[in-house]
Participant: 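Below is one structure. I have some questions about it.
Since we're looking at a predicted model, the values are computed, not measured. First the proteins, then the strands, lettered A, B, ... as listed; each starts at 1.
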Amino acid sequence: MNKRKKKITPARAASGFVKYFSLTFFAFIALLPLVSVLITALKNNEEYASTNVMSLPSKINFANFADAFTTANMGRAFINSTIILVFVLLISTLLGTQIAYVLNRFKFKGNAAIRNLFLFATLIPGIAMQVSVYEIMTNLGLINKLYGYIILMCGTDVISIYVYLQYFENLPTSLDESGVIDGAGYFRIYRSILLPLLKPAIVTSCILKGVGTYNEYYCANLYLQDKKNYSTVATSLYTFVGPLGSQYNMICAGVIISLLPALIVFLVCQKQIYAGLTAGSVKG
Amino acid sequence: MEENIKKKLDLKTYFHTTKGRQLVTLICFSFVPLLLLIVFTYYPFVQMVGFSFFKMKYIGAKEFVGWKNFVKVFSEPEYFSSLKLSFFYMAGSLLQLAIALYLATILSFKVKGGNVFKGFMFFPFLINGIAVGFIFKFFFTRGFVFDTVLGWCGFDLENLPYWLRDQSINNWSLVGTSVWRYFGQNMVLFIGAIMSVDANLYEAAMLDGCNRFQQFIHIILPNIRTVLVLNVILSITGSLSAFEPPYVITSGANGTATYFVKMHEVAHTSQKVGQASAMAVVLLVIIIFATVLQKLFFKYAFKNVEDDSYSAKRRNRRRRAF
């Protein structure tokens with residue numbers, strides 16, 4: 001018997017039990033719906049019809065994934081989502097860092113007013129506005145165009161501006177001054193000195209914005225109505241609404257396919273995602 | 001003529017001064033973001049307020065009706081009762097915050113496999129809304145996942161309600177999906193806040209013989225209350241605009257249509273654009289009101305706390321930012 005070991009009192013044991021019990025319980029709740037979906041996605045039609053949803057498949061079967069992929073035209077959807085993602089991230093990074101640079105480094109009349117304009121915009125729930133945004137999109141001829149949707153997604157990007165603003169606060173202005181002494185213009189200072197230093201903030205806000213854009217379905221559904229050519233991964237799942245609505249083994253496979261990219265990004269970039277959320281929440 | 005040339009020269013030299021170059025950069029860098037902000041947020045906002053006084057569809061004639069649309073929002077039970085559903089979501093989000101805070105406290109200290117638990121609980125936040133809709137339609141179907149698990153726990157299927165159809169329970173089912181989706185995200189926020197508390201405080205407390213519960217009450221809670229209060233208020237405004245769970249899971253059938261689902265239906269199915277705009281404006285006024293209250297609350301509630309380093313830091317940061 002090793003007496004030097006920390007004494008395990010009943011109270012300590014109980015609190016340890018409560019701790020791990022709660023963690024396991026909530027992890028179970030978080031995973032249960034996902035695991036059940038995965039189990040069902042692996043069953044063939046017969047087995048799906050004849051067994052309970054929670055019983056494991058006798059043989060692992062990937063046919064549903066192929067079916068779901070072709071039925072919902074997910075190949076096209078993945079291409080569209082990729083195009084949208086690339087452009088939205090590029091444009092919003094460029095615009096976000098530039099406006100944040102100006103707001104943080106320049107003193108001018110109206111600086112506070114512009115900040116407040118952006119701040120107030122975060123209060124307006126996006127869905128409420130779609131009634132009139134829809135009319136604007138129609139008038140500008142942006143409906144059923146990938147670029148129309150991309151422009152809209154860049155135009156409603158306010159949170160990442162806050163991430164950048166916050167990050168700029170921590171970059172000392174002496175950096176800019178040394179640039180000025182070396183004869184660099186403002187654009188040069190932004191491009192060559194500050195932008196490289198902003199990299200962590202850019203990575204963070206791109207991951208958050210990327211996941212958000214990939215998962216966005218309300219505007220995608222409203223403004224990309226031609227589902228055959230312009231569906232995104234999220235809206236391609238709408239294919240399963242209606243007559244296919246009870247073929248859950250195929251639907252579940254579709255669901256799993258649609259969340260795989262998010263899962264991969266999560267596994268690779270966990271730290272940045274957590275950091276980005278925490279930074280974004282302090283926007284006040 | 002000569003004066004004109006002089007002016008031009010002045011302008012030219014002006015653009016070479018610090019001020020002038022700043023102005024050029026300013027215009028270049030802020031023109032597009034501001035244009036987008038105006039076109040997609042402020043212009044539609046103003047337009048929407050205008051729409052709310054008309055009886056109109058997307059296409060066709062408009063008819064000015066004054067305050068009639070607004071009166072309807074409050075007088076017709078169809079609209080007003082949907083606002084009452086927010087209370088379900090408010091209750092749900094308070095529960096969600098409590099769970100998140102509890103788990104965040106556990107995970108902020110040394111726990112075996114803490115990161116894995118954190119990851120499992122956070123992941124639902126990253127799933128798109130439509131997928132969540134399918135997952136829970138499947139989950140709550142009669143005799144499927146939820147019923148099976150309850151069966152394991154000894155419940156009889158005969159006694160269980162139809163989770164999405166039974167009007168006495170279906171709103172709670174939907175609130176549950178929302179809690180499922182967001183508690184992990186709240187938890188991550190809280191962990192971030194708890195981690196920013198000075199670790200020396202815990203050590204000091206340990207030396208003074210405080211137990212975990214006392215540490216929670218006297219160290220964690222006071223230090224993270226800014227984040228906590230902020231999230232409580234956000235959850236209230238969020239509940240008013242609850243939309244996704246009923247929209248993707250039940251399409252608002254069987255008495256689950258929240259205010260926003262109703263508004264979406266009025267706007268896009270029956271195309272009563274004026275009425276929908278009035279609904280949006282009413283909600284916006286409520287949200288703005290709540291936000292102003294929040295600002296005042298922060299201003300006065302934390303005014304007298306001098307030694308609270310965390311909120312002081314936050315306030316400073318905010319003062320610098322705005």
Participant: What part of Ile191(B) is in contact with chain A, defined as an atom under 4.5 angstrom from a non-hydrogen atom: side chain, backbone, both or neither?
Facilitator: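 Contact with chain A: none, neither part.
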Participant: Quick check with a 6.0 Å cut-off and a 45 degree axis cone: is Lys19(B) positioned over the face of Phe108(A)'s six-membered ring?
Facilitator: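 No, cation not above the ring by the 6.0 Å, 45° rule.
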Participant: Could you have a look at Lys118(B), Met279(B), Gln185(B) and say which one has the most heavy-atom pairs with chain A under 4.5 angstrom?
Facilitator: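 If we count pairs closer than 4.5 Å to chain A, Lys118(B) comes out on top.
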Participant: Answer with side chain, backbone, both or neither: which region of Tyr248(A) has an atom nearer than 4.5 Å to a non-hydrogen atom of chain B?
Facilitator: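 Only the side chain of Tyr248(A) comes within 4.5 Å of chain B.
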Participant: Given a strict heavy-atom distance threshold of 4.5 Å, which part of Tyr247(B) is in contact with chain A: side chain, backbone, both, or neither?
Facilitator: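 The answer is the side chain of Tyr247(B).
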Participant: I need the Tyr214(A) OH to Asn128(B) CG distance, nearest 0.5 Å.
Facilitator: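 Result: 7.0 Å between the selected atoms.
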Participant: Taking every heavy-atom pair that is under 4.5 Å apart, which of Asn52(A), Thr235(A), Ile39(A), Leu117(A) has the most such pairs with chain B?
Facilitator: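 Looking at each option in turn, the highest pair count goes to Leu117(A).
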Participant: Can you tell which of Ile38(B), Ile99(B), Val116(B) has the highest number of heavy-atom pairs within less than 4.5 Å of chain A?
Facilitator: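 When all of Ile38(B), Ile99(B), Val116(B) are compared, Ile99(B) has the most.
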Participant: Less than 4.5 Å apart, any side-chain heavy atom of Phe187(A) and any of Arg21(B)?
Facilitator: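 Side chain of Phe187(A) against side chain of Arg21(B), heavy atoms only: no contact under 4.5 Å found.
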Participant: How long is the gap from NE2 on His264(B) to CG on Leu222(A), to the nearest 0.5 Å?
Facilitator: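 Result: 7.0 Å between the selected atoms.
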Participant: Show your reasoning for whether side chain to side chain contact (heavy atoms under 4.5 Å, CB included) applies to Val111(B) and Tyr20(A).
Facilitator: CA-CA 8 Å; Val111(B) 175; Tyr20(A) 285 102; 3.6 Å; yes
Participant: Below 4.5 Å from any heavy atom of chain A, which atoms of Tyr102(B) appear? Answer side chain, backbone, both or neither.
Facilitator: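 Just its side chain gets close to chain A.
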Participant: Between Pro33(A), Gly16(A), Ala262(A), which residue shows the highest count of heavy-atom pairs closer than 4.5 Å to chain B?
Facilitator: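 So the answer, after comparing Pro33(A), Gly16(A), Ala262(A), is Pro33(A).
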Participant: Does the side chain to side chain contact (heavy atoms under 4.5 Å, CB included) test come out yes or no for Leu126(B) and Ile273(A), once each step is laid out?
Facilitator: CA-CA 10 Å; Leu126(B) 297 178; Ile273(A) 291 182; 4.2 Å; yes
Participant: Quick one: pull up CZ in Phe28(A) and CE in Met121(B) and give me the separation to the nearest 0.5 Å.
Facilitator: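 Taking CZ in Phe28(A) and CE in Met121(B), the distance rounds to 13.5 Å.
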Participant: Answer yes if the side chains of His268(B) and Tyr134(A) hold a donor-acceptor pair under 3.5 Å, and no otherwise.
Facilitator: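 Not at all, the side chains of His268(B) and Tyr134(A) share no donor-acceptor pair under 3.5 Å.
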Participant: Give me the ring orientation class for Tyr218(A) and Phe243(B): parallel if the planes are under 30° apart, tilted from 30 to 60°, perpendicular past 60°.
Facilitator: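 It falls in the perpendicular class, over 60°.
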Participant: Would you say the side chain of Gln98(A) lies within less than 4.5 Å of the side chain of Val32(B), judging by non-hydrogen atoms?
Facilitator: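 Side-chain contact under 4.5 Å: no.
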Participant: Under 4.5 Å heavy-atom distance to chain A, tell me which part of Phe117(B) shows up: side chain, backbone, both or neither.
Facilitator: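 For Phe117(B), side-chain heavy atoms alone lie under 4.5 Å from chain A.
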Participant: If you tally heavy-atom pairs under 4.5 Å against chain B, which of Leu140(A), Leu32(A), Asn221(A) wins?
Facilitator: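 Looking at each option in turn, the highest pair count goes to Leu32(A).
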Participant: Quick one: closest heavy-atom pair of Trp180(B) and Ile29(A), and the distance?
Facilitator: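 Minimum heavy-atom separation between Trp180(B) and Ile29(A): NE1-O, 3.2 Å.
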Participant: Taking all atoms of both residues into account, what is the closest heavy-atom pair of Gln22(B) and Lys107(A), and its distance?
Facilitator: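 The answer is OE1-O, 4.5 Å.
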Participant: Quick check on Phe31(B) against chain A: is it the side chain, the backbone, both or neither that has a heavy atom closer than 4.5 Å?
Facilitator: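 When you check distances to chain A, no heavy atom of Phe31(B) falls under 4.5 Å.
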Participant: For the candidates Leu259(A), Val211(A), Leu263(A), which exhibits the highest count of non-hydrogen atom pairs separated by less than 4.5 Å from chain B?
Facilitator: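 Sorted descending by pairs with chain B, the first entry is Leu263(A).
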Participant: Please check if any side-chain donor atom of Tyr217(A) sits under 3.5 Å from a side-chain acceptor atom of Glu244(B), or the reverse.
Facilitator: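 Looking only at side-chain atoms, Glu244(B) and Tyr217(A) do form a donor-acceptor pair, the distance falling under 3.5 Å.
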Participant: Look at Phe120(B), Tyr42(B), Phe136(B), Phe138(B) and state which one has the largest set of heavy-atom pairs under 4.5 Å with chain A.
Facilitator: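 Looking at each of Phe120(B), Tyr42(B), Phe136(B), Phe138(B) in turn, Phe138(B) comes out on top.
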Participant: Counting only heavy atoms closer than 4.5 Å, note whether Thr40(A) contacts chain B via side chain, backbone, both or neither.
Facilitator: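 Only the side chain of Thr40(A) comes within 4.5 Å of chain B.
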Participant: Ring centroids only, cut at 6.0 angstrom: are Phe29(B) and Tyr190(A) within range, meaning strictly under it?
Facilitator: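 Distance test on ring centres: under 6.0 Å, yes.
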Participant: Hey, does Leu34(A) have a side-chain heavy atom less than 4.5 Å from the side chain of Ile127(B)?
Facilitator: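 In short, these two side chains touch, coming nearer than 4.5 Å.
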Participant: Please determine, among Ile288(B), Ile106(B), Leu35(B), the option with the most heavy-atom pairs under 4.5 Å with chain A.
Facilitator: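 Greatest number of close heavy-atom pairs with chain A: Ile106(B).
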Participant: Would you mind checking which part of Met263(B) comes under 4.5 Å of any heavy atom in chain A, side chain (CB onward), backbone (N, CA, C, O), both or neither?
Facilitator: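 Side chain only.
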Participant: Drop me the distance from Phe40(B)'s CZ to Ser132(A)'s OG, to the nearest 0.5 angstrom.
Facilitator: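 Phe40(B) CZ to Ser132(A) OG: 11.5 Å, rounded to 0.5 Å.
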Participant: Please step through side chain to side chain contact (heavy atoms under 4.5 Å, CB included) for the pair Trp152(B) and Met54(A), ending with a clear verdict.
Facilitator: CA-CA 11 Å; Trp152(B) 293 342; Met54(A) 288 306 282; 3.9 Å; yes
Participant: Can you give me the closest heavy-atom contact between Ala121(A) and Thr41(B), atom names plus distance?
Facilitator: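 Smallest interatomic distance, heavy atoms only, reads CB-CG2, 3.9 Å.
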Participant: Side chain, backbone, both or neither: which part of Phe51(B) has an atom under 4.5 Å from a heavy atom of chain A?
Facilitator: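 The side chain, not the backbone.
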Participant: Looking only at non-hydrogen atoms, find the nearest pair between Thr25(B) and Val102(A) and report the distance.
Facilitator: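 Thr25(B) and Val102(A) have their closest heavy atoms at O-CG2, 4.3 Å.
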Participant: Measure distances from Ile287(B) to the heavy atoms of chain A and classify the residue's part below 4.5 Å as side chain, backbone, both or neither.
Facilitator: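 Side chain only.
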Participant: Which atoms of Phe139(B) come close to chain A, meaning under 4.5 Å heavy atom to heavy atom: side chain ones, backbone ones, both, or neither?
Facilitator: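 For Phe139(B), the contact with chain A is made by the side chain alone.
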Participant: Who wins among Val39(B), Leu103(B), Val248(B) for the most heavy-atom pairs under 4.5 Å with chain A?
Facilitator: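 Of the candidates given, the most pairs with chain A belong to Leu103(B).
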Participant: In terms of heavy-atom proximity below 4.5 Å to chain A, should Leu107(B) be classed as side chain, backbone, both, or neither?
Facilitator: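 Side chain of Leu107(B) only, per the 4.5 Å heavy-atom cut-off to chain A.
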Participant: Is the distance between the ring centroids of Phe266(A) and Phe122(B) less than 6.0 Å?
Facilitator: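 Ring centroids of Phe266(A) and Phe122(B) are less than 6.0 Å from each other.
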Participant: Out of curiosity, Ser258(A) OG to Phe134(B) CZ, how far, rounded to the nearest 0.5 Å?
Facilitator: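 Answer for the OG-CZ pair, Ser258(A) versus Phe134(B), is 9.5 Å.
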Participant: How long is the span from the CG atom in Leu95(A) to the CG atom in Leu37(B), to the nearest 0.5 Å?
Facilitator: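 The CG atom of Leu95(A) sits 11.5 Å away from the CG atom of Leu37(B).
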Participant: Checking Leu26(B) against chain A: side chain, backbone, both or neither under 4.5 Å from a heavy atom?
Facilitator: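 Both backbone and side chain.
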Participant: If you count heavy-atom pairs under 4.5 Å between each of Ile127(A), Val133(A), Ile256(A), Asn104(A) and chain B, which one has the most?
Facilitator: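 Result: the option with the highest number of such pairs is Ile127(A).
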Participant: Could you walk me through whether Gln47(B) and Ile136(A) satisfy the side chain to side chain contact (heavy atoms under 4.5 Å, CB included) test, starting with their C-alpha distance in whole Å, then the side-chain angles of each, then the deciding distance to 0.1 Å, before giving a yes or no?
Facilitator: CA-CA 10 Å; Gln47(B) 213 183 16; Ile136(A) 293 168; 3.8 Å; yes
Participant: Count the heavy-atom pairs under 4.5 Å between each of Gln270(A), Gln130(A), Glu135(A), Arg105(A) and chain B, then report the option with the highest count.
Facilitator: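 Top count of heavy-atom pairs under 4.5 Å with chain B: Glu135(A).
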Participant: Which region of Val281(B), side chain (C-beta onward) or backbone (N, CA, C, O), has a non-hydrogen atom less than 4.5 Å from a non-hydrogen atom of chain A, or is it both or neither?
Facilitator: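 Contact with chain A involves no heavy atom of Val281(B) at all.
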Participant: Under 4.5 Å from any heavy atom of chain A, what part of Val149(B) do you find: side chain, backbone, both or neither?
Facilitator: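 Just the side chain, heavy atoms under 4.5 Å.
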